[in-house]
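Written below as structure tokens is the structure these notes are about.
Index from 1, following the sequence. Side-chain atoms are counted along with the backbone in the values below, which use heavy atoms only and exclude waters and symmetry mates.
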Amino acid sequence: MIGKLKGTIDEIGTDHVLVDVHGVCYEAFCSSRTLSQLNVGEAAILFIETYVREDQLKLFGFVSALEREWFGLLQSVQGVGSKVALAVLSTLTPGELANAIALQDKTVVSRAPGVGPKVAVRIVTELKNKAPAFAGEASANIGLKQEIGEGVASAPVSDAVSALTNLGYSRDQAANAVAAALKAAGEEADSAKLIRLGLKELSR
């Protein structure tokens, strides 16, 4: 099994790269997000997921171990194969994906090509308990977002998030702003204060 490739980017295609490792070129299929961070002739490290089937051997490459973990997690969901998993990771960063799942925001997940409403619902439902462990840079507020997504957040928090989303902010932006407001005002703050501080946070 190949777990990581260290070499020079020899060629970049629409959905893959060739990595030259001491004269041997490996083809690795990648998300568009990974491809955008690579340049021909430059050294690169790709975290590899190796697929072995009866009739083929395929390598999938990622610029971070976290992205590779999400590639595997997504495919644990019924109806999600490697193509759809790459499409999701091309559309959302691991942090954005973790946030969307925590908030049960199927609309954000369904932005990925090939992800219909039913598949988006399965992704946010089946992976909701795994999101915190794979949130990466989004881990700070993931617990609060899960409470919001599951409808168990306190009334002031829920009301503040609802008010901010009604003003045109995304649920993720609203949740981040309310999380910051909570830290500043304390757990006993009412919704009016959270909205006011949240707006101040969003205006920065």
Side-chain angles (χ1 to χ4, degrees), residues 31 33 64-80 84-204:
S31 69
R33 190 177 297 279
S64 72
L66 185 60
E67 189 180 20
R68 180 180 64 184
E69 294 292 339
W70 272 109
F71 181 67
L73 279 175
L74 285 165
Q75 289 177 86
S76 70
V77 177
Q78 182 188 355
V80 178
V84 171
L86 281 182
V88 172
L89 292 170
S90 292
T91 307
L92 302 169
T93 66
E96 289 168 343
L97 181 55
N99 284 334
I101 291 170
L103 289 165
Q104 297 288 285
D105 197 338
K106 59 184 182 295
T107 303
V108 169
V109 177
S110 64
R111 289 178 191 162
V115 178
K118 289 182 179 179
V119 172
V121 168
R122 283 202 293 269
I123 289 173
V124 300
T125 301
E126 294 180 27
L127 298 182
K128 67 179 181 180
N129 293 327
K130 298 179 180 178
F134 299 93
E137 78 278 5
S139 61
N141 298 329
I142 202 76
L144 177 67
K145 290 175 183 179
Q146 275 195 308
E147 291 178 1
I148 294 167
E150 293 172 9
V152 297
S154 67
V157 167
S158 297
D159 291 346
V161 170
S162 178
L164 293 177
T165 53
N166 287 339
L167 290 173
Y169 296 102
S170 71
R171 287 192 84 199
D172 190 40
Q173 288 175 314
N176 284 333
V178 171
L182 268 177
K183 287 178 184 176
E187 297 291 333
E188 303 303 318
D190 61 19
S191 57
K193 189 167 188 177
L194 292 178
I195 292 167
R196 186 172 70 255
L197 292 175
L199 283 170
K200 190 175 180 180
E201 185 71 24
L202 287 164
S203 67
R204 289 182 180 177

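In this structure, Arg171 CZ and Gln104 CD are separated by 8.5 Å, a value rounded to the nearest 0.5 Å.
A heavy-atom distance below 4.5 Å is found between the side chains of Pro113 and Thr91. With contacts defined as side-chain heavy-atom distances shorter than 4.5 Å, the pair Gln173/Leu202 qualifies. Taking 4.5 Å as the limit, some side-chain heavy atom of Tyr169 sits within range of a side-chain heavy atom of Leu199. No side-chain heavy atom of Glu147 sits less than 4.5 Å from a side-chain heavy atom of Val157. Here the side chains of Val124 and Asp105 are not in contact, with every heavy-atom distance at 4.5 Å or above. Within the 4.5 Å cutoff, side-chain heavy atoms of Leu74 are placed close to those of Leu97. The side-chain heavy atoms of Lys145 and Ile101, taken from C-beta on, include no pair separated by under 4.5 Å.
Partner Leu127 forms a side chain to side chain contact (heavy atoms under 4.5 Å, CB included) with one of Thr125, Ile123, Asn129 and no other, that one being Ile123. Partner of Arg111 under the side chain to side chain contact (heavy atoms under 4.5 Å, CB included) criterion, out of Val108, Val109, Thr107: Val108 alone.
In this structure, Val77 and Arg122 approach most closely via the heavy-atom pair CG1-CB, 3.7 Å. Contact between Gly198 and Ala181 at its shortest, heavy atoms only, is N-CB, 4.0 Å. The two residues Arg33 and Ser90 have their closest heavy-atom pair at NH2-O, 3.6 Å. Residues Ala98 and Phe134 come closest through the heavy atom pair CB-O, 4.2 Å. Across all non-hydrogen atoms, the minimal contact from Glu201 to Ala177 is CG-CA, 4.2 Å. In plain terms, the two heavy atoms of Val115 and Val84 that are nearest each other are CG2-CG1, 3.6 Å.
Although no hydrogens or angles enter the test, the distance criterion places no donor-acceptor pair under 3.5 Å between the side chain of Glu67 and the main chain of Pro94. Using a distance-only test at 3.5 Å, with no hydrogens or angles considered, a donor-acceptor pair links the side chain of Gln75 to the main chain of Phe71. Looking only at distances, no side-chain donor or acceptor of Ser162 sits under 3.5 Å from a matching main-chain atom of Ser158.
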